[in-house]
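Below is one structure, written out as structure tokens, with a few remarks after it.
Small disclaimer: the values here were computed from a predicted structure and weren't measured.
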Amino acid sequence: MSNERAETKDLASTHPELVQSMVKSWAEWYKSVSKGNESDSVDSEKEENEAKIDKKDKKGKGSRKQKTE
Amino acid sequence: MKNVLKIVFKLTFCCLFPLITIYAQVAKPQAKPNILIILADDMGYADLGCMGGDAETPHLDLLAKKGILFTNFYNNAKCAPSRASLMTGQSPQRIGADHKAGNVNRGAMTIAEALKGEYTTLMVGKWHIKPAPLQMGFQRYFGAGLSAIHWWPTDEKQVRDIQLDGRTYAEKDMTVPVEKWYMETEHANYAMKFLQGEVVNKGTTKPFFLYYASHLPHWPLQAPRADVERYLNVFKSGTDAARKRRYDRMVALGIINPKICSLSSIDEKSNSWDSFTTEEKEYYQQAMAVHTAMVYRLDVELGRLFDYLKKNNLFDNTAIFFMSDNGASAESVPATLPFGQQMGDRGTEKRINDVGAAVCNTPLRGHKSTLYEGGIGTPMIFHWPKGIGKPGIVSKQAGSICDIFPTVLDLANLHYPSEYEGRKLNQLDGQSLLPQLKKAPIVERKLLWNYEKFSAEIQGNLKALRLSPRGKDASRGLATL
């Protein structure tokens, strides 16, 4: 396996089993950190909220604050 | 026989006496260290002198040289998520700060709240989370909480963002003419004023916690002309040459192992120096000079603060953490020179763009708002003369911005409560790095992120990166670090 912190070589296709185990572990983590966070508990709900926030920003205070994050 | 006993008694007594003295010294509780957390804003992985950068940063370089330079340290790719995790030790998703300012008091407490009572809690600079610092455990606050401000704003709305202890900071508070006023200088001034008023003048033995959240070197590109002039010639040979120069220095400094990280062409778009027009070349030469001057200015002002601490005998028992909230930013504007003004002056609002970000994040891929190494990788400098195990090392120990909170709790010898002021607290996602700061061997870490369309996970020296978690346009990448 080559080492590459510059992330130019994708090893996913040659190590599918590693990818699978990390995908699974990520999904478990995401579920655990999103628990109790109402806006994140359901994906569709989250998307709705994000859409609302985006809309508000576009209508409201202009782009400055949004951009500075 | 009698004689022997006598001798034994004598020996015992002689041995015990110094032992008792030593024991008494050890048992006397050591004063808790002061805590100083310094956060740079949008600083690239390769911007500091000690990381191979072009800016002269002698004060921070000296911290690294006499402390520990962590080169595999990670933030959360963007202002609010990084700041929320730094203050609470939790993943931004737990507190709704995965994109916006979140609500830190929902399931979390800040470092200032954890230290309150035992420490004097002070803050200057950018907050970018909610609620405000004075509501979240800080006793004193100066700064603009949200947008980056350098010169005194020409926009009235922005002026109102600048706060001093819960009221609006105004021109009457200035000690220099408006034209000369520069935010970073004021950050350092107020850091020292707060320390003078709350610590030195009170003659207290109570340790302090100071959170110094700079706006530098976040755009708009603005810096004193004398600082910019130091760097105008540095980028004459172009951005490709600058990347190469930084990479070579990083290899020489032992930060990058050329066997495991090459300097490859990493951008999808071709941004080669030769493809630029004369005006674009002039633009990037100046833009990078201003950005570099801003990193230099950060170091100058921090140098004043460190001198102040030394003068007041507060430096040696202060644990200092320094890092950036995310990588350099590729948020871009047209590469045209400001009309009738010099870039960097008050009122100009230029940026280094994707072209400059690639230099600042050398040799990493990506930039702010991505989970590539260039988005989340930051140098982390730890310095504490009284408590560090093995000074002067470059550590490959992986760590996360979530680790700072539990590390500080450990330093202050405090426990994380399950509840605070009626708030039930979530578990911490970070872990204390105190053993590693005191020279324990490297431990393998599992670090996880989600930012917009990116998901990422690091396990040991493996990193998995995925675009679009909802399955649309999903692409996966695996790299070893």
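- Counting non-hydrogen atoms of neighbouring residues, nucleotides and ligands closer than 6.0 angstrom, the CD atom of B:E156 reaches no more than 12 such neighbours.
- Using a 4.5 Å cut-off between heavy atoms, B:S91 contacts chain A through its side chain alone, with no backbone atom that close.
- Interface remark: A:T14 contributes no atoms to any contact with chain B (heavy atom separation under 4.5 Å).
- Of all the heavy atoms in A:S32 and B:R94, the pair that sits closest is O-NH1, 3.6 Å.
- For B:K463, the parts lying under 4.5 angstrom from a heavy atom of chain A are both the backbone and the side chain.
- For B:T378, the side chain to side chain contact (heavy atoms under 4.5 Å, CB included) partners are B:F73, B:N75, B:M323, B:S324, not counting sequence neighbours.
- Contact detail for B:W449 and A:W26: the closest heavy-atom pair is O-NE1, 2.8 Å.
- When all heavy atoms are compared, the tightest approach of B:E457 to A:M22 is OE1-O, 2.9 Å.
- Atom NZ of B:K446 has more than 12 neighbouring heavy atoms from other residues, nucleotides or ligands inside a 6.0 Å radius.
- Heavy atoms closer than 4.5 Å to chain A are found in both the backbone and the side chain of B:N72.
- At a threshold of 4.0 Å, the pair A:R5-B:E373 counts as salt-bridged, since one of the basic side-chain nitrogens sits closer than that to a carboxylate oxygen.
- Residues A:Y30 and B:Q93 come closest through the heavy atom pair CE1-CG, 4.0 Å.
- For B:P258, the side chain to side chain contact (heavy atoms under 4.5 Å, CB included) criterion is met by B:Y247, B:V251, not counting sequence neighbours.
- Contact record, A:A6 with B:C261: N-SG, 3.7 Å, taken as the closest heavy-atom pair.
- The minimum heavy-atom distance linking A:S25 with B:L448 is given by the pair O-CD2, 4.3 Å.
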